[in-house]
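Heads up: the structure comes next, in structure tokens.
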Protein chains: 2
Amino acid sequence: MVNIKDVARRAGVSVGTVSRVMARNETVGAALREKVEATIREMNFKPNHVARGLRRRRTDMIGLVIPDITNPFFAELAKHVEAVAFHAGLSVLLSITNDDPKIEVAQIESLLKSRPTGLIVVPIQSGQSQSWRGDTATVVVDRRLQGHGLLSVDHHGGAALAAEHLIGLGHRHIAYIAGPADAPVSRARRAGFVEHLEAAGIKPEIIEGHFDYVSGEALGRQLLDRAPAKRPTAIATANDQQAIGLLRAASDLGIKVPDELSVIGFDDIPLAGLITPRLTTIGQPVEDIAKRAVAAAIAGSGVAAGEDELLSGVLVVRNSTAPVGRREAV
Amino acid sequence: MVNIKDVARRAGVSVGTVSRVMARNETVGAALREKVEATIREMNFKPNHVARGLRRRRTDMIGLVIPDITNPFFAELAKHVEAVAFHAGLSVLLSITNDDPKIEVAQIESLLKSRPTGLIVVPIQSGQSQSWRGDTATVVVDRRLQGHGLLSVDHHGGAALAAEHLIGLGHRHIAYIAGPADAPVSRARRAGFVEHLEAAGIKPEIIEGHFDYVSGEALGRQLLDRAPAKRPTAIATANDQQAIGLLRAASDLGIKVPDELSVIGFDDIPLAGLITPRLTTIGQPVEDIAKRAVAAAIAGSGVAAGEDELLSGVLVVRNSTAPVGRREAV
DNA sequence: GTGAAAGCGCTAACAG
DNA sequence: CTGTTAGCGCTTTCAC
């Protein structure tokens, strides 16, 4: 493969000059610059980023560590992170932790060996800030990690929005399908939801599961497979996937949404607006999160501990929620 | 950051010895080996993969180029590729082309600068095999690219399976929602479906769109928003997302699936089994594809041109298809 | 078996 | 403004 020396020789200049032309910053005479650029094109020279990375002691890559790429929210996040990074001339190294703390540690250690410019991490558990060297900018997204600032939607506030919505619709018998208790994001959403309800004198029935379709379906069945009078009139879930699973359970049990049951999710994944009924949910500013994350990673600043950036979620009302009255009317 | 020299000095050996210990292949005396390993642990030494990559002229990374990570099928593919790669000690560089040929070229050129061990590419169009250097193993997955072998599910055969299923159910008035005509994968699935129907003397109505929910919904509406007698009794789609969009359109128009309309998709994304009604579809062996892709990338072999590896899809019957008779009965 | 030393291809001083 | 040169941290002959 052709290297900088070949180019320099052919263009009749020194390697330093070629390097400066590529960096397009230095003061290189117009004549030489053109000649070099022509030669680069002509020889189809692709500068070796590995060598450059070695010399610069940092590569043009950012590591992205997420629990699960098949979760539409993280897929969306990855998509935007990749787009913004690419635009900034960076590549993204993808790591999937599969919600396994051991793998998470291994993945991060492995990433670090490539000396990336920055790390964007959606951690599994808040415990033990990994002792990875402070010389790689780290921005922690969506879920809290000890010793780091957090860039995320305001889980607590967003969940409160959901609670408010259900209360406003007249619901009093309300259940909540939470995420795994060891995930701080679950706790934040749950707390935001529950506290808001309790302030209104309502005590929701709470049940815990994973952030996926299957869990939503199983837990939904558990909540709904009982005498109509004992069923909640509204259920909120910790994310949209659970809500979609719940919708499926309701359908299987012949329970009409939203007439007999209101359902509200969290995330506003693309699918939320397409299933039947269209899902009412709390939308996240994913693109904005991605932009800020990449910017912080590049700036080398990360998000300082204690300096959280919490972005507001927004209530998206669609067809899975309705006034409780409708049910009595039936 | 501590480097190999620091370790060598502290352990009282030469850098060569440390290197050999890490490569865990050479013949290093047990005593020295232990001493070095202890020192590595003690100093928390993380070998610099950038330097190693420079020296080896190849990094421990594989590039993964896909059109759209929010497409559940590709997310699934990425998940498995990442898992297999990680297991083999490789990192994955993620590129998303967003179905834009210009970006695809730029992404690949950019990836190559990092001198990855191999490239796994889901190309956008079959045209112009990019003139990237033959010195990077390239395995082309899912969609054909001129000058390369293809590793993929058998689109043609899978679609024929779908056609066979609908015919067997007694459907005669059948429509097909295809993918974009410029994508070979669309053409393969469409051809497999249409040819099989025509062999049975049926000429389907065909309509084209993109591989996403929105397109499926719009096209579905177009196909269904007409007098009942003029509507197809069954619609097959080029992928599950379109099918899900179609289901939504049917629901909006008050058309019962599967009683009044049978729907069959392609891919068997996780969601397919969870929506209402559960979607009948053609399942892909994603994990197997991922395994083979990574193996080929590592082996440096790629998939030789003309040596396609076509894996069989499998018909997954769920609740979105039913005998045409049911409708007449209503 | 182990050490010494020559690069991998580039960037960034430093000269001129 | 441009050329020269010393490494970046590792692997890999080549000696011993």
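In what follows, chains carry the letters A, B, and so on, assigned in the order in which the sequence lines appear, proteins first and then strands, with residues in each chain numbered from 1.
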- Query: Nearest heavy-atom pair of A:A137 and A:A296: which atoms, and what distance?
  - Reply: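 Closest approach of A:A137 to A:A296: CB-O, 4.5 Å.
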
By salt bridge (Lys or Arg N to Asp or Glu O under 4.0 Å) - contacts of B:E37 (at least two apart):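 B:E37 satisfies salt bridge (Lys or Arg N to Asp or Glu O under 4.0 Å) with B:R33 only.
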
For residues 295-310 of chain B, which residue pairs pass the salt bridge (charged side-chain N to carboxylate O under 4.0 Å, His left out) check, not counting sequence neighbours?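 As it turns out, the salt bridge (charged side-chain N to carboxylate O under 4.0 Å, His left out) pairs with a partner in residues 295-310 of chain B, which skip direct neighbours, are B:R144-B:D308, B:R292-B:E309.
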
Contact list for residues 56-72 of chain B, test salt bridge (charged side-chain N to carboxylate O under 4.0 Å, His left out), sequence neighbours left out: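 Output for this query lists B:R52-B:D60.
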
Can you check the [X] [atom1] to [N] [atom2] distance for me, whole Å?
X	N	atom1	atom2	value
A:R9	D:dT2	CZ	P	20 Å
B:R20	D:dT11	CZ	P	11 Å
B:K46	D:dC10	NZ	C1'	16 Å
B:R24	D:dT12	CZ	C1'	19 Å

In chain order, what residues pass the side-chain hydrogen bond (donor to acceptor under 3.5 Å, both in side chains) check against B:N71, with sequence neighbours excluded?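 Here the qualifying residues are B:Q241.
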
What pairs with A:E42 under side-chain contact (heavy atoms from CB on, under 4.5 Å), at least two apart in sequence or on another chain?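 Residues passing side-chain contact (heavy atoms from CB on, under 4.5 Å) with A:E42: A:R10.
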
With axes from five pairs an end, tell me the bend angle of the helix from C:dG1-D:dC16 to C:dG16-D:dC1, nearest 10°.
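For the helix from C:dG1-D:dC16 to C:dG16-D:dC1, the axes at opposite ends meet at about 40°.
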
What pairs of donor and acceptor atoms, side-chain ones from residues 112-124 of chain A against any protein atom, are under 3.5 angstrom apart with sequence neighbours left out?
| from | atom 1 | to | atom 2 | distance (Å) |
| --- | --- | --- | --- | --- |
| A:R115 | NH1 | A:L112 | O | 2.9 |
| A:R115 | NH2 | B:K46 | O | 3.2 |
| A:T117 | OG1 | A:T59 | O | 2.6 |

| message | OP1 or OP2 of C:dG3 versus the side-chain N and O atoms of B:T17: is any pair under 4.0 Å? | response |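 For C:dG3, OP1/OP2 do have a side-chain N/O of B:T17 under 4.0 Å.
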
Quick one: side chains of residues 88-100 of chain B, donor-acceptor pairs under 3.5 Å with protein atoms, not counting sequence neighbours, listed by atom name and distance.
| from | atom 1 | to | atom 2 | distance (Å) |
| --- | --- | --- | --- | --- |
| B:S95 | OG | B:Q107 | OE1 | 3.1 |
| B:T97 | OG1 | B:I66 | O | 3.4 |
| B:D100 | OD1 | B:K102 | N | 2.8 |
| B:D100 | OD1 | B:I103 | N | 3.4 |

Select from B:H49 and A:L32 the residue whose nearest nucleotide in DNA chain D is closer to the 5' end of that strand.
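It is A:L32 whose nearest nucleotide is closer to the 5' end.
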
Distances under 3.5 Å only, N/O to N/O: pair up the protein atoms with those of nucleotides 5-9 of chain C.
| from | atom 1 | to | atom 2 | distance (Å) |
| --- | --- | --- | --- | --- |
| C:dG7 | N2 | B:R55 | NH1 | 3.3 |
| C:dC8 | O2 | B:R55 | N | 3.3 |
| C:dG9 | OP1 | B:R57 | NH2 | 2.3 |
| C:dG9 | N2 | A:A51 | O | 3.3 |

